[in-house]
Amino acid sequence: MASALRNSAKCGLGLLSQLSSSSRHGRVCVSPYLLSQQRNSSTSSKIKVDFDSNTGVATMYLQSPPVNSMSLDFLTEFSISLEKLEMDKSCRGLIITSSLPKVFSAGLDILEMYGKTPESCGVFWKAVQEMWLKLYGSNMVTIAAINGSSPAGGCLMSIACDYRIMAENPRYNIGLNETKLGIVAPFWFKDTMVNTVGPRTTELALELGLLYSAPEALKIGLVDQLVPEDQVLSTATQNMAKWLAIPDHARQLSKSMMRKPTIDKLVSNREPDIHNFVSFITKDSIQKSLRMYLEMLKKRKA
C-alpha cells in the first residue's frame, strides 16, 4: 500500500482538479549545487536525451513513471541535462516531450512537500527555481511537444519554452491549478503566464485554478498549435527548422529582451522566494490539505 500511495502521490498538484471533477542567458557551467544534488539522487534515469548532430537539435524525453512528477531527483537531472546541452555550442534547439502515455508532466511531487523539514522543502524549491531559470533563459530554441496532460508544474515547464505544440485530444488539459489544493502559485509562475496569455486571463486562471482542455488552451494562447497525437513530435521537428532558420544572435537577443526582466526579478529575489515557499508550505493548514489529498488518493487506490 505504501508503494501504491507513493505512486499516486507522484501525480503531483496538477491532478487534483481531474480527480475531484472528472541562466539566465549565456553559456553556463554545471553548478556545484546541481552536482551535489546529483550525487545524492537515485541512479535510475528520469530524463533521456537524444542529440542529432546533423541538425543540432536535441530531444529530451521525460521518463519518470507513473506521471513524470517533478521530484528533487527529476528536477536535478533535468537541469543538469539542460546545462550540458547549453554548453554544447553545436546544440541549437531542444524539443521536450514525454515517454509516458497520456501525460506530459503532472507537476510537482507532493511527497517533496508533505511531512518534510523546512530545510528539505527549501532544497526542493531551489531545484524548482533552477529548472525554470535554465529553461526560460535558455539560448537554445525550446519547443514543448505536449503529448498528454500538463497541469501545474507541467504547465510551467511548457510555458517556459519558446513554442508549444499539444496533442489535439480534449481529454488532455493544461494550466496552473495550484489554488485547487490551497496552494498559491508564486510570482514567477504568474509572471510567466502573464507573458504568455495576458493579465486578465492569468488572473482568472490562477484564482479559479483552471485547467484548460487542449482546444481551450489554443483559444487563449496557452499553446500555439494542436495536431493529432501521433504527429506532435514530427510537427515539433518541422517547426524547429523554421526557428533555426533565424540567425541565432538575432533570435537570442530578441528572446533576452522579452524575458530578461522576468528572469532578473526571480534572480534578485531567490532567497526571499524560498523563504516564502517554506513558510507557506510548512503551515499546519497547508500540511493538512496535502494530507487530505494523499488520503483521498489512497482511498481511490484501495
Side-chain angles (χ1 to χ4, degrees), residues 12-14 23-26 28 30-31 33-34 37 46-47 60 62 64 68-86 94-96 98 104-109 112-113 121-144 146 150-164 174-178 183-197 202 205-206 222-223 252 255-256 258-278 280-281:
L13 303 180
S23 234
R24 291 123 333 206
H25 297 263
V28 295
V30 178
S31 67
Y33 163 76
L34 289 173
Q37 292 303 320
K46 302 179 185 303
I47 305 292
M60 179 183 289
L62 311 181
S64 183
N68 288 328
S69 61
M70 297 180 180
S71 64
L72 179 59
D73 289 349
F74 177 100
L75 292 165
T76 301
E77 188 176 348
F78 179 92
S79 292
I80 290 175
S81 298
L82 188 58
E83 284 192 351
K84 288 179 178 178
L85 293 172
E86 197 80 47
L94 173 64
I95 297 171
I96 303 176
S98 172
F104 180 78
S105 171
L108 304 183
D109 188 344
E112 297 285 5
M113 298 176 281
C121 290
V123 169
F124 173 66
W125 196 246
K126 187 173 184 179
V128 180
Q129 292 178 336
E130 289 278 345
M131 177 274 290
W132 179 82
L133 285 168
K134 287 171 174 54
L135 183 56
Y136 199 60
S138 175
N139 274 331
M140 298 180 290
V141 175
T142 54
I143 295 180
I146 309 167
S150 188
C155 176
L156 179 71
M157 180 180 286
S158 300
I159 61 178
C161 293
D162 299 323
Y163 195 76
R164 287 161 291 284
I174 184 171
L176 297 177
N177 62 323
E178 282 80 357
I183 295 176
V184 179
F187 70 88
W188 44 285
F189 281 52
K190 178 267 296 181
D191 290 345
T192 309
M193 193 162 185
V194 167
N195 293 346
T196 305
V197 300
T202 298
L206 294 186
L222 194 56
V223 299
Q252 291 166 358
K255 181 175 181 176
S256 177
M258 296 298 297
R259 297 190 174 194
K260 191 174 185 297
T262 306
I263 292 171
D264 288 346
K265 187 176 176 182
L266 176 59
V267 169
S268 62
N269 288 281
R270 288 194 72 173
E271 290 305 319
D273 181 61
I274 292 172
H275 174 76
N276 289 339
F277 170 77
V278 172
F280 181 81
I281 206 68

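The residues of the chain are indexed from 1 along the displayed sequence.
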Taking atom OG1 of Thr142 and atom CE of Met60, what is their separation to the nearest 0.5 Å?
10.5 Å
For Phe277 and Phe124, take the angle between the two ring planes, folded into 0 to 90°, and tell me which bin it lands in: parallel under 30, tilted 30 to 60, perpendicular over 60.
tilted
Can you name the one residue among Leu82, Leu75, Thr76 that meets side chain to side chain contact (heavy atoms under 4.5 Å, CB included) with Met131?
Leu75
How far apart are the closest heavy atoms of Ser64 and Phe74, and which atoms are they?
CB-CD1, 3.8 Å
Find the distance between CD1 (Ile96) and OG (Ser158) and round it off to the nearest 0.5 Å.
8.0 Å
Minimum heavy-atom separation for Arg259 to Cys161, with atom names?
NH2-O, 3.1 Å
Taking Glu178 for the side chain and Ala185 for the main chain, is one N or O donor matched with an acceptor at less than 3.5 Å?
no
Do Lys255 side-chain atoms and Asp162 backbone N/O form a donor-acceptor pair below 3.5 Å?
no
Cationic N near anionic O, under 4.0 Å, Lys134 to Glu130:
yes
Compare every heavy atom of Phe187 with every heavy atom of Asn269, then report the nearest pair and how far apart it is.
CB-CZ, 4.2 Å
Between Leu206 and Lys190, does a side-chain contact (heavy atoms from CB on, under 4.5 Å) hold up when you go through it step by step?
CA-CA 8 Å; Leu206 294 186; Lys190 178 267 296 181; 3.7 Å; yes
Work out which heavy atom in Ile274 is nearest to a heavy atom in Gly122; give both atom names and the distance.
CG2-CA, 3.9 Å
From Phe189 CZ over to Thr202 OG1, what is the distance, rounded to the nearest 0.5 angstrom?
13.5 Å
So if I apply the side-chain hydrogen bond (donor to acceptor under 3.5 Å, both in side chains) rule between Thr262 and each of Asn195, Asp191, Thr192, which one comes out positive?
Asn195
Please examine the side chains of Leu222 and Met193, heavy atoms only from C-beta on, and report whether any two atoms are closer than 4.5 Å.
yes
Mind listing the closest non-hydrogen atom pair of Ile174 and Ser150 along with its distance?
CG1-O, 3.2 Å
When you measure from the side chain of Ser256 to the backbone of Lys260, do you find a donor-acceptor pair of N or O atoms at a distance under 3.5 Å?
no
Give the intermediate values and the outcome of side-chain contact (heavy atoms from CB on, under 4.5 Å) for residues Val278 and Trp125.
CA-CA 8 Å; Val278 172; Trp125 196 246; 5.7 Å; no
Got Ser138 and Leu94 here, is their nearest side-chain heavy-atom distance under 4.5 Å?
no
Rounding to 0.5 Å, atoms CD1 (Ile159) and CG (Leu135) come to a distance of 10.5 Å
Is the backbone of Asn68 close enough, under 3.5 Å, to the side chain of Ser105 for a donor and an acceptor to pair up by distance?
yes
Drop me the distance from Met70's CE to Glu112's CD, to the nearest 0.5 angstrom.
12.5 Å
Can you list the steps and then say if Val123 with Leu72 is a side-chain contact (heavy atoms from CB on, under 4.5 Å)?
CA-CA 8 Å; Val123 169; Leu72 179 59; 4.0 Å; yes
Check step by step if side-chain contact (heavy atoms from CB on, under 4.5 Å) holds for Thr196 and Arg164.
CA-CA 11 Å; Thr196 305; Arg164 287 161 291 284; 3.6 Å; yes
Whether Trp188 and Trp132 hold their rings parallel, tilted or perpendicular, with breakpoints at 30° and 60°:
tilted
Distance check, rounded to the nearest 0.5 Å: Ile281 atom CD1 versus Cys121 atom SG?
7.0 Å
Looking at Ser71 and Asp109, what are the two nearest heavy atoms and their distance?
CB-OD2, 3.6 Å
